[in-house]
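Following: one structure in structure tokens, then a few remarks.
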Amino acid sequence: MNSSLISKPTLFSFRECLWFLDRNYDECLHKISNSRVTKAIQFNNKPLVFSLADKDQDILIQIEEGHATPSMMEELRSWVQDWLDIQRDIRPFYQMLANHGKLNYMTKEFNGLRLIGIENLHESICWCIIGQQINLSFAYKLKRRLVEEFGTRVRTATGNFYLFPSPETLSSVSVETLKALQFSRQKADYIIQISKSFSDGLISKEKLSTLPDLKEKKYLLTSLKGVGEWTANYVLMKSLREPDCIPLGDIGLLNALSNHALIKNRKDSRSMEKLFSAFEGWKSYLVFYLWRSLAIPNFHH
DNA sequence: AACCAGGCGCATG
DNA sequence: CATGCGCATGGT
């Protein structure tokens, strides 16, 4: 089995999703070319390279490297649906956007954009730690070094693809090694310790998602050194798809709110709460769309 | 040339 | 509880 189709729901745009995956950053875990995204993932300890392309009313999944049994293909289909958040009916969110005087333009401008996730929880947390307090281009550079140094490489006819390094691998790396890749001592420490927590089974996506309430999830996440409020919320929104998690204090979020004249200054939490209270159940989506708005050149209210 | 980036932990008042 | 500090480097 080397291909499969997923039918598109309403309010889904492959082009918008592809735009997000492409942006203008040096992403090392997938490649975009000819309106297709290609990526390596791991199933049953075996790497598999697949691509996604737009095909009329469907999304075409193709296996680029490796072999997929029918059950693996079924798993891959489900993985892709999670990654691009394909199954969610986002019409309620669009209704909320449409009702908002300043944000209703988004229903047209970003039509069909889905909250693209980070399915691997360990990767998601490491990515947050890498990105803390540094500019995104440097963050992507650090991630690339980490992935190319410690991740599994899959060779294909069209180039190399990488899997994010496993917790086992990263937990046995030394601080000095990461420092040589220009990680700060703290970031190196956090990543190694958190990788240990994963390989020791102290935390896993399974464990985190089965916790009964959000407070416990946040508590478990922030008990890890290097994971604060921002990271916990980012991870819950991107990896567990919690509907109402806002990475508070996020500089991009604050800039977007300020561009739309929705807050007076960075400490204007009252205006923020007022805005988000109108998006109950869809706060994470609103954050994602606000981030999307940052890419509009010279956007000012 | 300063200043600030997808923050966080730790030390103080 | 609030505020200050260091962190690593690159972009503006």
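Note that these values count all heavy atoms, side chains included, but never hydrogens, waters or copies made by symmetry. Please read these numbers as outputs of a predicted model, since none were measured by experiment. Numbers restart at 1 for each chain; the letters A, B, ... are given by sequence-line order, proteins then strands.
Nearest to the side chain of A:Leu136, among B:dG9, B:dG6, C:dG10, sits B:dG6. With C:dG10, B:dA5, B:dG6 as the candidates, the nucleotide lying closest to the side chain of A:Lys141 is C:dG10. Side-chain proximity of A:Lys225 to B:dC10, C:dG10, B:dG6: nearest is B:dC10.
One cannot find a donor-acceptor pair under 3.5 Å joining the base of C:dG11 and the side-chain atoms of A:Asn135.
Remark: C1' of C:dT9 and CZ of A:Phe183 are 12 Å apart, rounded to the nearest angstrom. Between A:Phe138 atom CZ and B:dG6 atom P the separation is 13 Å, expressed in whole Å. In this structure, CD1 of A:Ile130 is placed 16 Å from C1' of C:dG10, rounded to the nearest angstrom.
Note that A:Arg91 lies outside the cation-pi zone of A:Phe93, set by a 6.0 Å cut-off to the ring centre and a 45° limit from the axis. A cation-pi arrangement is not found for A:Lys238 relative to A:Trp127, the charged atom failing to lie both closer than 6.0 Å to the ring centre and inside a 45° cone about the ring normal.
The base-pairing partner of B:dA2, taking Watson-Crick or G-U wobble contacts with both distances under 3.5 Å, is C:dT12.
Within a 6.0 Å radius of OH in A:Tyr105, more than 12 heavy atoms belonging to other residues, nucleotides or ligands are found.
Counting any heavy atom pair closer than 4.0 Å across all strands shown, A:Leu181 reaches no nucleic acid atom. Residue-level contact check: A:Arg145 touches neither bases nor backbone, having no heavy atom under 4.0 Å from any strand.
Between the side chains of A:Tyr285 and A:Asp85, at least one donor N or O lies within less than 3.5 Å of an accepting N or O.
The phosphate of B:dC8 has OP1 or OP2 within less than 4.0 Å of a side-chain N or O from A:Thr231. Not one side-chain nitrogen or oxygen of A:Gln186 sits closer than 4.0 Å to the OP1 or OP2 atom of C:dC7.
Both A:Ile251 and A:Gly226 sit near DNA chain B, but only A:Ile251 has its closest nucleotide nearer the 5' end. Nearest-nucleotide positions on DNA chain C place A:Lys179 closer to the 5' end than the other of A:Ser137 and A:Lys179.
When the C1' atom is used for both B:dA5 and C:dA2, the distance is 23 Å, rounded to whole Å. Taking atom P on both B:dG6 and C:dC1, the two are 30 Å apart, rounded to the nearest angstrom. For C:dG6 and B:dC4, the C1' atoms lie 15 Å apart once the distance is rounded to whole Å.
Between the A:Lys143 side chain and the A:Glu27 main chain, no donor and acceptor come within less than 3.5 Å of each other.
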